[in-house]
Amino acid sequence: DLYIAPGVAAIMYEDAPTGGTGEDETTVNASLRIGSAWYFNNTWALGLDWLHTTNWFSKDVAAHEEMTNITVSYTY
């Protein structure tokens, strides 16, 4: 399976540099996930995906972040 999934993500930044206080901050961001999963049988799959989030609402945390993940899924 191949997938492209635009969405909205709520992300918590721990110890964000908000004015030097180092407090946690939660933001709502636009996100895009692109990935692929390979099914071994009808129930198990192993995949790889890339997640990109763009910060629109806070100037105290990074403007964007990217993550690559290995996924294991089980279908019941």
Side-chain angles (χ1 to χ4, degrees):
D1 289 345
L2 296 172
Y3 55 89
I4 299 174
V8 176
I11 297 179
M12 182 179 151
Y13 294 91
E14 293 185 24
D15 297 326
T18 53
T21 61
E23 295 178 359
D24 297 344
E25 183 161 339
T26 302
T27 64
V28 177
N29 306 316
S31 67
L32 176 65
R33 184 178 294 263
I34 301 171
S36 178
W38 295 273
Y39 281 88
F40 297 114
N41 52 37
N42 289 337
T43 56
W44 289 98
L46 180 67
L48 184 68
D49 71 14
W50 173 77
L51 171 66
H52 178 85
T53 61
T54 302
N55 175 15
W56 285 346
F57 302 110
S58 176
K59 61 181 171 48
D60 296 324
V61 295
H64 65 85
E65 288 197 5
E66 297 180 2
M67 295 174 235
T68 302
N69 303 297
I70 295 174
T71 60
V72 176
S73 65
Y74 176 79
T75 306
Y76 54 94

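Note that the structure is predicted; figures quoted are calculated from it, not measured.
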- Among residues two or more places apart or on two chains, list those pairs meeting salt bridge (Lys or Arg N to Asp or Glu O under 4.0 Å) that have a residue in residues 66-76.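 Residue pairs passing salt bridge (Lys or Arg N to Asp or Glu O under 4.0 Å), neighbours aside: none found.
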- Task: Not counting sequence neighbours, list each pair that qualifies as a salt bridge (Lys or Arg N to Asp or Glu O under 4.0 Å) and has a residue in residues 67-76.
- Result: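 Listed by first then second residue: nothing to list.
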Which residues satisfy the side chain to side chain donor-acceptor pair (under 3.5 Å) test with [X], sequence neighbours excluded?
X: T75; answer: none
X: N29; answer: T27
X: D1; answer: none
X: Y3; answer: D49

- Message: Do Y76 and V72 sit in one hydrophobic cluster, given that two such residues count as connected whenever their side-chain heavy atoms are within less than 4.5 Å of each other, even indirectly?
- Response: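 Yes, because Y76 and V72 connect within a single hydrophobic cluster, where side-chain heavy atoms sit under 4.5 Å apart.
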- Item | For Y74, ring pair (Phe, Tyr, Trp, His ring centres under 6.0 Å) partners two or more places apart |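 So Y74 forms a ring pair (Phe, Tyr, Trp, His ring centres under 6.0 Å) with W44.
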- Partners of H64 by ring pair (Phe, Tyr, Trp, His ring centres under 6.0 Å), sequence neighbours excluded?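 H64 satisfies ring pair (Phe, Tyr, Trp, His ring centres under 6.0 Å) with H52 only.
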- Query: Does L51 sit in a hydrophobic cluster with other residues, and if so which ones, taking ILVMFWY side chains as linked at heavy-atom separations under 4.5 Å, directly or through other members?
  - Reply: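 Grouped by the 4.5 Å side-chain rule, M67 form the rest of the cluster around L51.
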- Message: Please give the remaining members of the hydrophobic cluster of I4, linking ILVMFWY side chains under 4.5 Å, ordered by chain and number.
- Response: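 Its cluster mates, by chain and number, are L32, I34, W50.
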- Counting only heavy atoms not in N41, do more than 12 fall under 6.0 Å of its CG?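 More than 12 heavy atoms, drawn from other residues, nucleotides or ligands, come within 6.0 Å of this atom.
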- Task: Could you list the residues that satisfy side chain to side chain contact (heavy atoms under 4.5 Å, CB included) with T26, not counting sequence neighbours?
- Result: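 Result, side chain to side chain contact (heavy atoms under 4.5 Å, CB included) vs T26: M12.
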- Task: State which residues pass side chain to side chain contact (heavy atoms under 4.5 Å, CB included) with I70; sequence neighbours excluded, sorted by chain then number.
- Result: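 Expected list: L46, L48.
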